[in-house]
Amino acid sequence: MNYSINSEIAKIFNHMAFILEGLNVLFKPRAYAQAAEAILAWNKDVEEIYKSEGLTGLKQIPSIGQNLAEHIEEIIKTGRLKEYEKLKKKLPVDIEGLSAIEGLGPKKMKILYDKLKIKTVADLAKAIATHKIAKLEHFGAQSETNIQRGLKFLKTNTGRIPLGYILPLAREIEQKLSKTPGVKKVIIAGSIRRWQETIGDIDILAISDQPKKIMEAFVSLPEIQTILSHGPTRSSVRLKIGLDADLRAVAPKSFGAALQYFTGDKNHNVKIREIAIKKGLKLNEYGLWRKEKNIACQTEEKIYAALGLDYIEPELRTDSGEIFAAQKHQLPRLIPHGSLKGDLQIQTNWTDGECTIEALARAAMEAGLEYIAITDHTKTLGIAHGLDEKQLAKQGQKIDALNVKFIKEKINFKILKSAEININKDGSLDIADAALKKLDIMSVAIHSAFRLSKNEQTKRIIRAIEHSLVNILFHPTGRLINRREPYELDLEAIIKAAAANRVALELDCFPDRMDLKDTYVRQVIARGVKIAIDTDAHHPEHFKFLELGIGTARRGWAAKNDVINTWPIKKLLKWARK
DNA sequence: GCCGTTTTCGGCCCGACTGTTTTCAGTCG
C-alpha cells in the first residue's frame, strides 16, 4: 500500500503546527499536529478517500474538519497548499534539521531566525563559533553550551527501533534499578508497556520513598552516554545505543496514578484528563482529585473506575475508540500473554534456518509450546535452496520419525508437516497439489515481484488464497520496518477473500516484520478472519519473539479465539482440513 | 482549527526540569 500522500500531508501539517507555535498562535498548533497524527495512523490513502467520497469522506478521519479537509483537497489537486507557503515565509528554516537539537523548539527557532537569520544547522554552528547566541535575549552562555552539545549529539532520526531489539536492554536496566536501596518497585512504562511495534525511548517508573537515590543510580548507569536532565523526581538520559531513557519516581501511594500517567499514550491521557475535567475533577501523576481531596491513586483500575470507565489495558491506550468502548462496557477480552500453544512458521537448516528440526522442536518445548509447523521454503526460492516435492516428502519422513521419538520419550509435543509455499508471479503455487495434500497445514507467501501494480499484486495473492488447500497467508504486507515498504495491495479485498475461503492471515512477529501490524489486525478480526501468530524462527532463540506477537495482537483488539494457534492441535488440524 | 449525550460557542491536559529570569517561559514527555 502506498501511503506516501498521507505522510506528505502529515509532514505539511506538522510543519504548520510548528510554525504556528513559533508565532505564538493558540490552539491551532495542537489542531494541526493532531490532524497530522490522525492522517498517518489512518489505514487508507487520503487521495483514494477523496476521490471516492470527497470532502465528506475526509471529514470521517478524526481531527479533520471542514478547513483541514479543504487543505487536503488543495494538496491533492494542486500539489501545494497556499496557506502553508504563506506560513513558511514567516519561519523559512530547516525545521527537521534544527529540531534534532535537544532543547531547540519553535519559539527559540523563531528568535534565532529573526535576530540572526539562522535557517540551517550549519548557520547555527557558525553562530556558535562566533559566540553570537549567548548575547541574544532569553539565551545565555549556558544555552550556547547546550546547543553546542546538542550539535554533537544530534537526535537520531534514523527512526524508531523495533521493540524486540530494545526489550532486553530495557529489562536489564529495570533489573539494575530494582536493586537500588529503598526502591519498592521498578516498572517499564510508556510505549514498551503498550507493546508498540517500534520504540522511540525507554520510559521507566520507580516507586520509592527515597527518589533521590534511584535518580543517582539511574544517571550513573554504564549504558549512558549523556545526562539530559537530572532532578529529584525525574531524570532523562541519552543511552549509548542512541536512544533516550526517562526515569520518573513517585511515592508508593501514587503508584496507580503515576503508572497511568507514564504509560500513555499522550492522546489517550489527554482524553482521559478531559473526561476528569468534565466531571469536575483533575487527574495528574499523583492521583485523581476533586479540589484538594484525593479520589483515587493506588491502582489504575480505581482511577478508570472513578471516571466511569472499565479498565483499559495498556495496549489499547491509543485514543482509537477504546475510551468510548470502556464507557459502554464493550471492550474486548484480549488474548492473554502465554496463551499460544503452537508456532506455525519455522525455518530449519533444510533451507535458510540455522538449526535442525529436532533442535528447534526442543527449543519450542522449552518455550512452553505443544506443537510447531516446519515451514521451509519451496523450490522457486532459489536463494534459500527451497525444497521440491521429493525433498518435502523426505522431510516428512524425518518429521514422522521425530514424532515417534517424542511419543517414546513420553513428551506431549507434535511437529506438523508444512511449508512456506512460494506464490508464483501469476498467483499459482510452486508445488504440485499431490505433494501439498501430504502436508498437515499449508501456508503461502510471496518473495518476489514485489513491484507489481496494486491491482496485479492483489489479484495474484487472492488467487493463492482461493487455492482449495491453502490455510494461511504468511507476512501479508511484506513490509520490513525501517527497510522495506509494504507491497502495493488492496488489503480490504484480501481480507474479503480470506473470509470467503476461510484462510487465516499471519501476524509474523519477527521484530522487524510485525506483519500484520496492529491496526491491520484490528481490521482483519473485525471481519471475522482468523490470525496466526508466528515467530518465523530461524534459530532456537527466536521463540522469545512470541510475546511481541501477542502484544501486537492485543493492540489489534484480538481475543484468544481469533488466534488459531491458541487452539489445541486437534481443533487446529480439523480447521486446516477445510 | 476541532469538537460536543452538560456545549454549534467556548472550551482546549498537566507537571518536571532548565535557564534566564527576580516570577516565568520554553521544552519535553
Side-chain angles (χ1 to χ4, degrees), chain A residues 13 16-18 20-22 24-38 58-59 61-72 83 87 98-99 101-112 133-147 149-150 155 189-191 200-205 211 215 219 227-238 244-250 254 257-258 260-289 307-308 319 324 327-328:
Chain A
F13 285 179
M16 292 174 84
F18 195 93
L20 288 164
E21 183 100 48
N24 259 319
V25 176
L26 295 177
F27 307 115
K28 276 194 191 184
R30 181 180 158 186
Y32 274 92
Q34 281 197 316
E37 227 175 293
L58 294 176
K59 278 153 67 177
I61 303 172
S63 305
I64 304 292
Q66 184 65 29
N67 275 293
L68 291 185
E70 284 174 15
H71 280 352
I72 295 171
E83 192 152 332
L87 276 176
L98 291 170
S99 294
I101 291 155
E102 189 76 42
L104 202 51
K107 305 269 167 66
K108 286 187 179 169
M109 243 181 253
K110 181 83 170 81
I111 296 174
L112 290 173
I133 307 282
K135 290 172 199 143
L136 287 177
E137 220 178 331
H138 303 296
F139 287 78
Q142 190 59 47
S143 302
E144 194 168 280
T145 312
N146 287 349
I147 291 174
R149 195 181 60 170
K155 286 185 205 163
S191 50
D201 61 10
I202 300 174
D203 296 315
I204 301 174
L205 174 66
M215 287 301 146
V219 299
I227 300 168
L228 301 172
S229 71
H230 179 189
T233 69
R234 168 171 214 150
S235 295
S236 197
V237 301
R238 168 122 342 124
D244 291 354
D246 295 317
L247 177 68
R248 185 69 203 262
V250 298
S254 295
Q260 198 285 326
Y261 150 78
F262 216 33
T263 297
D265 72 5
K266 194 179 90 190
N267 293 333
H268 175 87
N269 280 359
V270 169
K271 285 283 162 64
I272 293 292
R273 288 174 184 196
E274 281 171 358
I275 288 174
I277 291 170
K278 279 178 197 159
K279 292 184 183 290
L281 306 171
K282 183 176 79 168
L283 178 63
N284 58 25
E285 57 263 54
Y286 303 109
L288 182 64
W289 312 84
L307 293 171
D319 185 28
F324 184 76
Q327 283 169 330
K328 303 281 175 199

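None of the values given here were measured: they were computed from a predicted structure. Letters A, B, ... are given to chains in the order of the sequence lines, protein chains preceding strands, and every chain is numbered from 1.
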Start with the C-alpha gap between A:Glu102 and A:Asn146, add the side-chain angles, then the distance that decides, and say whether side chain to side chain contact (heavy atoms under 4.5 Å, CB included) holds.
-> CA-CA 8 Å; A:Glu102 189 76 42; A:Asn146 287 349; over 6 Å; no
Using whole Å, report how far [atom1] of [X] lies from [atom2] of [N].
X        : N      : atom1 : atom2 : result
A:Arg273 : B:dC13 : CZ    : C1'   : 5 Å
A:Lys107 : B:dT20 : NZ    : P     : 18 Å
A:Trp289 : B:dC14 : CH2   : P     : 14 Å
A:Leu20  : B:dG1  : CG    : P     : 8 Å
A:Arg248 : B:dC14 : CZ    : P     : 15 Å
A:Ile147 : B:dT27 : CD1   : P     : 10 Å
A:Ile227 : B:dC17 : CD1   : C1'   : 14 Å
A:Leu104 : B:dG26 : CG    : P     : 13 Å

Rounded to whole angstrom, note down the [atom1] distance from [N] over to [M].
N      : M      : atom1 : answer
B:dT18 : B:dG11 : P     : 35 Å
B:dC9  : B:dT21 : C1'   : 38 Å
B:dC17 : B:dC13 : P     : 22 Å
B:dT7  : B:dC12 : C1'   : 13 Å
B:dG26 : B:dT20 : P     : 14 Å
B:dT8  : B:dC2  : C1'   : 12 Å
B:dG1  : B:dT5  : C1'   : 23 Å

Least distance between heavy atoms, [X] atom then [Y] atom:
X        : Y        : value
A:Gly22  : A:Pro106 : N-CB, 3.6 Å
A:Trp289 : A:Tyr286 : CZ2-O, 3.8 Å
A:Asn267 : A:Asp319 : CB-CB, 3.8 Å
A:Met109 : A:Leu104 : CE-O, 4.0 Å

Under 3.5 Å, side chain of A:Glu144 to main-chain N/O of A:Ala134, donor-acceptor pair present?
-> yes
Verify, without hydrogens or angle tests, whether A:Asp203 (side chain) and A:Ala189 (backbone) share a donor-acceptor contact under 3.5 angstrom.
-> no
Among [options], the one nearest [X] by side-chain distance:
X        : options                : value
A:Asp203 : B:dA16, B:dG1, B:dG29  : B:dG29
A:Asn284 : B:dG15, B:dG29, B:dG26 : B:dG15
A:Thr233 : B:dA16, B:dC13, B:dG1  : B:dA16

Please work out whether B:dT21 sits syn or anti, treating a glycosidic angle within 90° of 0 as syn.
-> anti
Using a cut-off of strictly less than 4.0 Å between a heavy atom of the residue and any atom of DNA chain B, enumerate the qualifying residues of residues 134-146 of chain A by number.
-> A:His138, A:Phe139, A:Gly140, A:Ala141, A:Gln142, A:Ser143, A:Asn146
Are OP1 or OP2 of B:dC13 and a side-chain N or O of A:Asn269 less than 4.0 angstrom apart?
-> no
Examine B:dG29: is either OP1 or OP2 under 4.0 Å from a nitrogen or oxygen in the side chain of A:Lys266? Give yes or no.
-> no
CA sep, side-chain torsions, deciding dist, call: A:Glu83, A:Met16, side chain to side chain contact (heavy atoms under 4.5 Å, CB included) = CA-CA 9 Å; A:Glu83 192 152 332; A:Met16 292 174 84; 4.0 Å; yes
Is there any salt bridge (Lys or Arg N to Asp or Glu O under 4.0 Å) pair reaching into residues 274-288 of chain A, and which pairs are they, with sequence neighbours excluded?
-> A:Arg30-A:Glu274, A:Arg248-A:Glu285
Evaluate the side-chain proximity of A:Phe262 to A:Val250: yes if any heavy-atom separation is below 4.5 Å, no if none is.
-> no
In terms of the nearest nucleotide of DNA chain B, which residue is placed more toward the 5' end: A:Asp246 or A:Ser229?
-> A:Ser229
By nearest-heavy-atom nucleotide on DNA chain B, the more 5' of A:Tyr261 and A:Leu283 is A:Leu283
Qualifying residue, where the test is side-chain hydrogen bond (donor to acceptor under 3.5 Å, both in side chains) with A:Tyr32 and the options are A:Glu37, A:Glu21, A:His71 = A:His71
Mate of B:dT8 across any strand shown (Watson-Crick or G-U wobble, both atom pairs under 3.5 Å) is none
Give the B/S/- string for nucleotides 2-12 of chain B, one per nucleotide from 5' to 3', where a protein heavy atom under 4.0 Å of the base yields B, of only the sugar-phosphate yields S, and otherwise -.
-> SS--BB----B
Which part of the nucleic acid, if any, lies within contact of A:Lys28, taking any heavy atom under 4.0 Å across all strands shown: a base, the sugar-phosphate backbone alone, or nothing?
-> base
